[in-house]
Colleague: 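Sharing a structure below in structure tokens format, with a few things to ask.
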Amino acid sequence: MLEIRNKHSIIFDMDGVILDSEPLWLEAELQVFKSYGLLLTPKDCELTKGLRLVNIIDFWYNKYNWNNVSKEEIVKKLEAKVIELITEKAIVKEGLFELLNKLKEKNITLAICSSSPLSLIEAVCNKFNLFSFFEILQSAENCEFGKPHPEPYISTMLRLKTTYEKCYVIEDTVTGAISAKAARMKVIAIPEGDNYFSSKYDFCDYKFRTLSDIIPFIS
């Protein structure tokens, strides 16, 4: 049974957990890649969900091998577009502040570990005044390997100066959940929509529909 105590640390994924950013990522990817002549579909973008920005670019570069623009240029343009959309449109997920306030009340240490660049993590924290809640902001861009490799979560754990036994991770994607499980942490899955019923999340330790559903298990 899930029981979160003040000796534990909670590591939040960001996209899809803290805010509903997946539609914004989709909009940015479709727009930016179209501007370079690459006509992706929403179904195409599902293939790179949960990956680092550089890995998204590498995926499509390896598939289509364009030569008219550098990967670095597209990375910068996509990053800028997502930040713009977050600033304009982003909303937090249901129950976020209720959960954060409860965890803060219990002196539970919190961190963010995201595949997004640090500039995006900081943009989100700035927009929603989240800096006071999170001790560590960890971007997978600063790791040699991104999710589903465990390195991003291991790096976050080390920065928190704790151990995997004391870490719970909140994830919405299978890619991120695999990363956390590979780091030997307990995974709380918050699958999006109908994915809640998918057997793909059966390897996670716990599964809830919303962040609010976690609150009764904090002691």
Side-chain angles (χ1 to χ4, degrees), residues 1-26 49-50 82 85-87 89-116 120-140 147 152-153 156-157 160 162 164 166-181 183 185-198 200-219:
M1 180 178 176
L2 177 61
E3 187 175 13
I4 300 172
R5 298 178 177 272
N6 60 10
K7 64 180 179 180
H8 293 132
S9 295
I10 310 295
I11 306 174
F12 286 69
D13 176 43
M14 186 177 76
D15 297 296
V17 171
I18 289 177
L19 74 160
D20 190 14
S21 57
E22 298 301 342
L24 307 183
W25 272 101
L26 176 61
K49 188 174 180 180
V82 174
L85 292 173
I86 285 173
T87 303
K89 301 181 179 183
I91 58 175
V92 296
K93 299 290 283 188
E94 177 185 349
L96 175 68
F97 285 109
E98 292 85 351
L99 176 59
L100 291 179
N101 283 318
K102 183 68 173 180
L103 292 170
K104 187 174 183 179
E105 175 189 321
K106 295 296 183 178
N107 295 314
I108 295 169
T109 305
L110 307 180
I112 292 175
C113 177
S114 175
S115 293
S116 290
L120 268 70
I121 301 173
E122 291 176 340
V124 169
C125 289
N126 184 61
K127 178 177 174 66
F128 298 112
N129 297 314
L130 298 178
F131 286 109
S132 63
F133 290 104
F134 294 101
E135 183 171 322
I136 299 294
L137 305 179
Q138 174 71 45
S139 169
K147 301 175 186 180
Y153 279 112
T156 308
M157 176 191 74
L160 287 170
T162 186
Y164 70 86
K166 296 180 180 180
C167 290
Y168 285 94
V169 170
I170 304 177
E171 269 283 359
D172 69 310
T173 68
V174 173
T175 298
I178 291 171
S179 175
K181 286 297 288 184
M185 298 174 184
K186 298 289 187 181
V187 179
I188 303 170
I190 310 286
E192 181 183 4
D194 290 341
N195 284 331
Y196 179 84
F197 301 101
S198 173
K200 293 186 295 184
Y201 291 86
D202 287 352
F203 69 95
C204 297
D205 299 281
Y206 310 97
K207 184 170 66 173
F208 297 104
R209 286 189 175 276
T210 70
L211 295 172
S212 300
D213 296 331
I214 301 172
I215 294 174
F217 298 94
I218 301 169
S219 60

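Residue indices begin at 1 and follow the sequence shown.
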Colleague: In Å and rounded to the nearest 0.5 Å, what is the SG to CD1 distance from Cys113 to Ile136?
Modeller: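 Going from SG on Cys113 over to CD1 on Ile136, the span is 11.0 Å.
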Colleague: More than 12 heavy atoms of other residues, nucleotides or ligands under 6.0 Å from CG of Asp202: yes or no?
Modeller: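 It does: Asp202 CG has more than 12 such atoms within range.
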Colleague: Who are the side chain to side chain donor-acceptor pair (under 3.5 Å) partners of Lys186, not counting sequence neighbours?
Modeller: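 Partners of Lys186 by the side chain to side chain donor-acceptor pair (under 3.5 Å) criterion come out as none, since no residue qualifies.
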Colleague: Please step through side chain to side chain contact (heavy atoms under 4.5 Å, CB included) for the pair Ile18 and Phe134, ending with a clear verdict.
Modeller: CA-CA 12 Å; Ile18 289 177; Phe134 294 101; 4.0 Å; yes
Colleague: List in chain and number order the residues that pass side chain to side chain contact (heavy atoms under 4.5 Å, CB included) with Leu24, two or more places apart in sequence or in another chain; answer none if no residue qualifies.
Modeller: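 Side chain to side chain contact (heavy atoms under 4.5 Å, CB included) check on Leu24 returns Leu85, Ile86, Lys89, Ala90.
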Colleague: Please tabulate, for side-chain N and O atoms in residues 93-112, each donor-acceptor pair with protein atoms closer than 3.5 Å (sequence neighbours left out).
Modeller:
unit_1 : atom_1 : unit_2 : atom_2 : d
Asn101 : ND2    : Phe97  : O      : 2.9

Colleague: Could you state the interatomic distance from CZ (Phe217) to CD1 (Ile215), rounded to the nearest 0.5 Å?
Modeller: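 So the CZ of Phe217 and the CD1 of Ile215 are separated by 11.0 Å.
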Colleague: If you compare all heavy atoms of Asp13 against all heavy atoms of Ser114, which two are closest, and at what distance to 0.1 Å?
Modeller: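 Between these two residues, the closest heavy atoms are OD1-CA, 4.1 Å.
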Colleague: Does any pair with a residue in residues 168-178 pass salt bridge (charged side-chain N to carboxylate O under 4.0 Å, His left out), and if so which ones, sequence neighbours excluded?
Modeller: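 Checked against salt bridge (charged side-chain N to carboxylate O under 4.0 Å, His left out) - neighbours excluded - the pairs reaching residues 168-178 are Lys147-Glu171.
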Colleague: I'd like to check Val174 versus Lys49 (side-chain heavy atoms, cut-off strictly below 4.5 Å). Are they in contact?
Modeller: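 In short, these two side chains do not touch, never coming nearer than 4.5 Å.
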Colleague: Lys207: which residues meet the side chain to side chain donor-acceptor pair (under 3.5 Å) condition with it, sequence neighbours left out?
Modeller: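 For Lys207, no residue satisfies side chain to side chain donor-acceptor pair (under 3.5 Å) once neighbours in sequence are set aside.
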Colleague: Closer than 3.5 angstrom, by distance alone: can the side chain of Thr156 be matched with the main-chain N or O of Pro152 as a donor-acceptor pair?
Modeller: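 A pair under 3.5 Å: yes.
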Colleague: Could you pull out all residues at least two apart from Tyr206 that satisfy ring-ring contact (aromatic ring centres under 6.0 Å, His included)?
Modeller: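 With sequence neighbours excluded, Tyr206 shows a ring-ring contact (aromatic ring centres under 6.0 Å, His included) to no residue whatsoever.
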Colleague: Glu122: what forms a side chain to side chain donor-acceptor pair (under 3.5 Å) with it, not counting sequence neighbours?
Modeller: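 Applying side chain to side chain donor-acceptor pair (under 3.5 Å) to Glu122 gives none.
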Colleague: Among all residues two or more places apart in sequence or in another chain, which pass the side chain to side chain contact (heavy atoms under 4.5 Å, CB included) test with Tyr164?
Modeller: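 Testing Tyr164 for side chain to side chain contact (heavy atoms under 4.5 Å, CB included), a comparison that skips the adjacent residues, returns Met157, Arg184, Met185.
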Colleague: Let me check something: any side-chain donor-acceptor pairs from residues 1-11 under 3.5 Å, sequence neighbours excluded? List them with distances.
Modeller:
unit_1 : atom_1 : unit_2 : atom_2 : d
Glu3   : OE1    : Arg5   : NH2    : 3.4
Glu3   : OE2    : Arg5   : NH2    : 2.5
Glu3   : OE2    : Ser219 : OG     : 3.4
His8   : ND1    : Arg5   : N      : 2.9

Colleague: With sequence neighbours left out, write down each residue that passes side chain to side chain donor-acceptor pair (under 3.5 Å) with Asp15, or none if nothing qualifies.
Modeller: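 Partners of Asp15 by the side chain to side chain donor-acceptor pair (under 3.5 Å) criterion, ordered by chain and then number, come out as Ser21, Trp25, Ser116.
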Colleague: Go through the structure and list residues passing ring-ring contact (aromatic ring centres under 6.0 Å, His included) with Phe128, not counting sequence neighbours.
Modeller: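 For Phe128, no residue satisfies ring-ring contact (aromatic ring centres under 6.0 Å, His included) once neighbours in sequence are set aside.
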Colleague: State which residues pass side chain to side chain contact (heavy atoms under 4.5 Å, CB included) with Asp213; sequence neighbours excluded, sorted by chain then number.
Modeller: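 Partners of Asp213 under the side chain to side chain contact (heavy atoms under 4.5 Å, CB included) test: Phe208, Arg209, Thr210.
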